[in-house]
Amino acid sequence: MSASLLEVDDLHVRYGGIAAVRGLSLYVAPGEVVSIIGPNGAGKSTTLAAIAGGVVPMSGRIRLAGADLMGQRPEQIARAGVSLVPEGRHIFATLTVEENLAIGTYMRADRKGVADEIKAIFQTFPRLDERRKAPAGQLSGGEQQMLVIARAVLTRPRLLMVDEPSLGLAPLIVDQVYATLLELRRRDGLALLIVEQSSHRILKHADRIYVVRDGCKQLEDRAANLKNEAIKRAYFGFEGAA
Ligand SMILES: Nc1ncnc2c1ncn2[C@@H]1O[C@H](COP(=O)(O)OP(=O)(O)OP(=O)(O)O)[C@@H](O)[C@H]1O
Ligand SMILES: [Mg+2]
């Protein structure tokens, strides 16, 4: 058995005639922050969906702490400790912040534990605490991103996957979202797998980076070792402009 929390090996996913992921392998160690970056249509979201059980891969292996996740249903994968925050900040606009958070706990029987954790969540996300009675539809984009992350954390994942958390947010707000994600890693020892289209901000927050293009891994390295030129080359397939 290896020391990885998540291991994805030679993953292939197709949508009918489209090969979206072609032999991708990656791993996430416990407590690690790993990012997958790549252009439009690279297969990033499909990879996360396959790990979470939302799409069924054609072949490959997906393991969490050594246990096989391939072919398991999304609820089983969630119970095993994987939580996915999909792209697009899916909130219940007319429900309050508190009510949206309660939805993150529907799988859990320990109500007292849940109440304590919601309290802890409000400490980690003070902005959500201030707005706890507000309809979620009235929150800003950054606050909504915090809300969907907070909701995912209440399912008590060991691995939290977030698809394009910075999409459409101002740089300052992006930094706040990342600060919160890193705080969750510090607080709970959460491992994070974060998809982004651009490496601009992720480089300073991630431990390791995978660059994918056309469903294939082009580059993997520790963020500290990566130079912008190498990323560009992997990302575009040539030394194009950023
Ligand atoms: N539900 C689907 N049905 C058919 N093809 C799909 C579906 N979802 C994605 N694809 C195709 O699979 C490929 C990979 O898409 P995917 O959404 O995983 O890429 P991505 O890297 O997340 O892109 P983006 O940065 O635009 O979000 C693309 O060619 C896309 O058009
Ligand atoms: Mg995507």
Side-chain angles (χ1 to χ4, degrees), residues 1-11 21 23-38 42-53 60-70 77-87 121 124 145-146 148-150 152-166 174-212 216-228 230-231 234-235:
M1 236 188 72
S2 89
S4 292
L5 176 63
L6 175 75
E7 273 178 287
V8 175
D9 203 15
D10 199 20
L11 184 72
V21 177
L24 194 68
S25 298
L26 62 90
Y27 72 92
V28 181
E32 205 180 19
V33 178
V34 174
S35 179
I36 303 176
I37 64 165
K44 306 181 298 294
S45 298
T46 302
T47 301
L48 296 193
I51 295 166
R61 277 175 299 281
I62 304 174
R63 296 177 160 270
L64 188 79
D68 191 4
L69 297 188
M70 275 287 273
I77 294 172
R79 280 205 184 85
V82 176
S83 186
L84 169 62
V85 178
E87 191 185 315
I121 281 285
T124 310
Q145 188 63 57
M146 298 282 197
V148 290
I149 291 168
V153 167
L154 285 169
T155 66
R156 281 211 179 142
R158 303 159 77 183
L159 173 70
L160 177 65
M161 304 191 293
V162 192
D163 199 348
E164 300 208 36
S166 60
V174 173
D175 283 340
Q176 287 170 13
V177 169
Y178 272 100
T180 307
L181 286 169
L182 295 175
E183 167 64 14
L184 290 169
R185 184 249 293 258
R186 199 195 55 76
R187 199 191 75 173
D188 299 348
L190 259 186
L192 298 165
L193 182 57
I194 302 170
V195 157
E196 288 285 7
Q197 270 202 23
S198 135
S199 63
H200 284 333
R201 311 199 82 72
I202 192 72
L203 266 182
K204 69 174 180 204
H205 299 296
D207 298 316
R208 279 188 311 112
I209 307 263
Y210 292 90
V211 181
V212 297
C216 300
K217 178 165 70 188
Q218 306 293 332
L219 181 66
E220 85 176 273
D221 208 340
R222 304 202 63 76
N225 294 342
L226 277 170
K227 301 263 186 301
N228 265 328
I231 294 178
Y235 193 107

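Just the heavy atoms: all of them, side chains too, but no hydrogens, waters or symmetry mates, feed the values below. Throughout, numbering of the chain's residues begins at 1 and tracks the sequence.
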**Q** Asp188: which residues meet the side-chain hydrogen bond (donor to acceptor under 3.5 Å, both in side chains) condition with it, sequence neighbours left out?
**A**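 Checked Asp188 against side-chain hydrogen bond (donor to acceptor under 3.5 Å, both in side chains); zero matches.
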
**Q** Rounded to the nearest 0.5 Å, what separates atom CG in Leu154 from atom CD1 in Ile121?
**A**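 Reported value, rounded in 0.5 Å steps: 4.5 Å.
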
**Q** I'd like to check Leu26 versus Glu220 (side-chain heavy atoms, cut-off strictly below 4.5 Å). Are they in contact?
**A**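 Of all side-chain heavy-atom pairs linking Glu220 with Leu26, none is under 4.5 Å.
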
**Q** List for me each residue that meets salt bridge (charged side-chain N to carboxylate O under 4.0 Å, His left out) alongside Glu87, sequence neighbours excluded, and say none if there are none.
**A**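 Listed in chain order: nothing, the list is empty.
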
**Q** Can you tell me if Lys217 uses its side chain to pair, donor with acceptor, with the backbone of Ser25 under 3.5 Å?
**A**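 Yes; judged by distance alone, with no hydrogens or angles, the pair exists.
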
**Q** Supply the atom-to-atom distance Ser166 OG to Gln176 CD, rounded to the nearest 0.5 angstrom.
**A**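 Going from the OG atom of Ser166 to the CD atom of Gln176 covers 13.5 Å.
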
**Q** With rounding to the nearest 0.5 Å, note down the distance linking CD1 in Ile209 to OG in Ser35.
**A**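 The distance works out to 4.5 Å.
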
**Q** Distance check, rounded to the nearest 0.5 Å: Leu192 atom CG versus Leu182 atom CG?
**A**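 Leu192 CG to Leu182 CG: 7.0 Å, rounded to 0.5 Å.
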
**Q** If you take all heavy atoms of Tyr27 and Arg208, which pair is closest and at what distance?
**A**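 Heavy atoms of Tyr27 and Arg208 come nearest at O-NH2, 2.7 Å.
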
**Q** Using a 3.5 Å distance criterion without hydrogens, assess whether the side chain of Tyr235 forms a donor-acceptor pair with backbone atoms of Gln197.
**A**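 Confirmed, Tyr235 side chain pairs with Gln197 backbone.
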
**Q** Would a 4.5 Å heavy-atom cut-off, applied to side chains only, mark Pro157 and Leu190 as touching?
**A**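 In contact.
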
**Q** For the residue pair Glu196 and Pro165, establish whether any side-chain heavy-atom pair is separated by less than 4.5 Å.
**A**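 The answer is yes; the side chains approach within 4.5 Å.
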
**Q** Would you indicate whether the side-chain heavy atoms of Leu64 and Ile77 approach each other to under 4.5 Å?
**A**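 Ile77 does not reach Leu64 side chain to side chain.
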
**Q** Tyr178 versus Ile194: any side-chain heavy-atom pair under 4.5 Å?
**A**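 The answer is yes, as the side chains (C-beta and beyond) meet within the 4.5 Å cut-off.
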
**Q** Does the side chain of Arg222 come within less than 4.5 Å of Asp207's, by heavy atoms?
**A**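 Result yes, sub-4.5 Å side-chain heavy-atom pair found.
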
**Q** List in chain and number order the residues that pass salt bridge (charged side-chain N to carboxylate O under 4.0 Å, His left out) with Asp163, two or more places apart in sequence or in another chain; answer none if no residue qualifies.
**A**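 Asp163 satisfies salt bridge (charged side-chain N to carboxylate O under 4.0 Å, His left out) with no other residue.
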
**Q** Going by the side-chain contact (heavy atoms from CB on, under 4.5 Å) test, name the single residue among Leu69, Thr155, Leu193 that passes it with Val82.
**A**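 Output: one option passes, namely Leu69.
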
**Q** Please find the pair of heavy atoms, one from Ala223 and one from Ala206, that lie closest to each other, and give the distance.
**A**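 That closest heavy-atom pairing would be CB-O, 3.2 Å.
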
**Q** Grab the two heavy atoms, one from Arg158 and one from Ala65, that are nearest each other, plus how far apart they are.
**A**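 Smallest interatomic distance, heavy atoms only, reads NH2-CB, 3.6 Å.
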
**Q** Excluding sequence neighbours, so at least two apart, what forms salt bridge (charged side-chain N to carboxylate O under 4.0 Å, His left out) with Asp175?
**A**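 Arg201, Lys204.
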
**Q** Within the structure provided, determine whether Leu203 and Asn228 are in side-chain contact (heavy-atom separation under 4.5 Å).
**A**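 Side chain of Leu203 against side chain of Asn228, heavy atoms only: contact under 4.5 Å found.
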
**Q** Looking at Ala234 and Leu219, what are the two nearest heavy atoms and their distance?
**A**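 Answer, listing the atom of Ala234 first, then Leu219: CB-CB, 3.7 Å.
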
**Q** In Å and rounded to the nearest 0.5 Å, what is the CG to CD1 distance from Leu160 to Ile149?
**A**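 Rounded to the nearest 0.5 Å, the CG-CD1 separation comes to 7.0 Å.
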
**Q** How would you list, by chain and number, every residue that makes a salt bridge (charged side-chain N to carboxylate O under 4.0 Å, His left out) with Arg63, sequence neighbours excluded?
**A**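 Salt bridge (charged side-chain N to carboxylate O under 4.0 Å, His left out) check on Arg63 returns nothing, list empty.
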
**Q** Give the minimum heavy-atom separation between Ala191 and Ala29, together with the two atoms involved.
**A**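 The answer is CB-O, 3.8 Å.
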
**Q** What closest approach, in Å, do Glu164 and Lys44 show between heavy atoms, and which atom pair accounts for it?
**A**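 Of all heavy-atom pairs spanning Glu164 and Lys44, the closest is OE2-CE, 4.4 Å.
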
**Q** Please list, chain by chain and in numerical order, all residues satisfying side-chain hydrogen bond (donor to acceptor under 3.5 Å, both in side chains) with Thr46, sequence neighbours excluded.
**A**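 Applying side-chain hydrogen bond (donor to acceptor under 3.5 Å, both in side chains) to Thr46 gives Tyr15.
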
**Q** If we only count heavy atoms from C-beta on, is the Val162 to Leu48 side-chain gap below 4.5 Å?
**A**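 A side-chain contact is absent here, since even the closest heavy-atom pair is not under 4.5 Å.
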
**Q** Return the NZ to CG distance between Lys227 and Asp221, rounded to the nearest 0.5 Å.
**A**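 Lys227 NZ to Asp221 CG: 9.5 Å, rounded to 0.5 Å.
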
